**Student:** 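Before we start, here is the structure in question, set down as structure tokens.
Since we're looking at a predicted model, the values are computed, not measured.
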Amino acid sequence: MNEEEHERVREAVAAIPAGRVATYGDIAGRVGLPSARLVGRILREDGVDLPWHRVLRATGKPAEHLATEQLTLLAAEGVIARDGRVDLRRYRWEGP
DNA sequence: ACTATGACAGACG
DNA sequence: TCGTCTGCCATAG
């Protein structure tokens, strides 16, 4: 991993509008990373100061250890979760 | 060099 | 729709 990619991932995440969400895979594809796992790794490192809570799994469920807080933050922006799962068809951000 | 470990995703039954 | 299995790829030990 190089700084170049970290930087683009941060931009991509920062670009997600409030009230919308994206999946790890969406971000990976958008910045050209080969695996969605890498996005999670990057957010684990410098996710601080970014709207990381707008990034979910492809299933609409957040990562286990973050579930509670992440869903709270999303709810505060109007993103409602059903049974701990967000409706991607409705909130997914497809870019500008 | 090898194995285990994840903020993951897609295929399958 | 859900649980499981397999592929994924950088890191750590």
**Student:** Thinking salt bridges, do A:Glu7 and A:Arg10 make one under a 4.0 Å N-O criterion?
**Tutor:**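 Here A:Glu7 pairs with A:Arg10 in a salt bridge, since their nearest N and O are under 4.0 Å apart.
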**Student:** Please report the distance, rounded to the nearest Å, between NZ in A:Lys61 and C1' in B:dA9.
**Tutor:**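 Distance, rounded to whole Å: 15 Å.
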**Student:** To the nearest Å, give me how far apart CD (A:Glu64) and P (B:dA7) are.
**Tutor:**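 Spelled out: CD on A:Glu64 to P on B:dA7 is 10 Å.
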**Student:** State, to 0.1 Å, how close A:Ile27 and A:Ala22 come at their nearest heavy-atom pair, and which atoms those are.
**Tutor:**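 Closest approach of A:Ile27 to A:Ala22, heavy atoms only: CD1-CB, 4.1 Å.
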**Student:** Can you tell me the distance, in whole Å, between the CG atom of A:Asp26 and the P atom of B:dA9?
**Tutor:**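 Whole-Å distance recorded here is 8 Å.
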**Student:** What heavy-atom pair brings A:Leu50 and A:Ala14 nearest, and what distance separates the two atoms?
**Tutor:**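 Reported closest heavy-atom pair: CD2-CB, 4.1 Å.
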**Student:** Take the protein atom NE2 of A:His65 and the nucleotide atom P of B:dA7, then report the distance between them rounded to whole Å.
**Tutor:**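 Rounding to the nearest Å, NE2 of A:His65 and P of B:dA7 are 4 Å apart.
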**Student:** Determine, for nucleotides 7-13 of chain C in 5'-to-3' order, which nucleotides have protein heavy atoms under 4.0 Å from the base (write B), from only the sugar-phosphate (write S), or from neither (write -).
**Tutor:** BBSSS--
**Student:** With A:Asp26 as reference, evaluate A:Arg92, A:Arg20, A:Arg57 under the salt bridge (Lys or Arg N to Asp or Glu O under 4.0 Å) test and give the passing residue.
**Tutor:**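 Going through the options one by one, the only one that passes is A:Arg92.
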**Student:** Collect all protein-nucleotide pairs involving nucleotides 1-6 of chain C in which both atoms are nitrogen or oxygen and the distance is under 3.5 Å.
**Tutor:**
residue: C:dC2; atom: OP2; partner: A:Arg85; partner atom: NH1; Å: 2.6

**Student:** Is a donor on one side and an acceptor on the other found under 3.5 Å between the side chain of A:Glu77 and the backbone of A:Ala18?
**Tutor:**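 Not confirmed, A:Glu77 side chain does not pair with A:Ala18 backbone.
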**Student:** Answer yes or no: is there a donor N or O on one side and an acceptor on the other, between the side chain of A:Arg85 and the main chain of A:Lys61, under 3.5 Å?
**Tutor:**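 No.
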**Student:** What does A:Thr59 touch in the nucleic acid at a heavy-atom separation under 4.0 angstrom: a base, only the sugar-phosphate, or nothing?
**Tutor:**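 If one applies the 4.0 Å heavy-atom cut-off, A:Thr59 turns out to touch nothing in the nucleic acid.
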**Student:** At their closest point, which heavy atom of A:Tyr24 faces which heavy atom of A:Val39, and how far apart are they?
**Tutor:**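 What the structure gives for the nearest pair is O-CG2, 3.6 Å.
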**Student:** If you count heavy atoms of other groups shown closer than 6.0 angstrom to CG of A:Asp83, is the number above 12?
**Tutor:**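 No, not enclosed.
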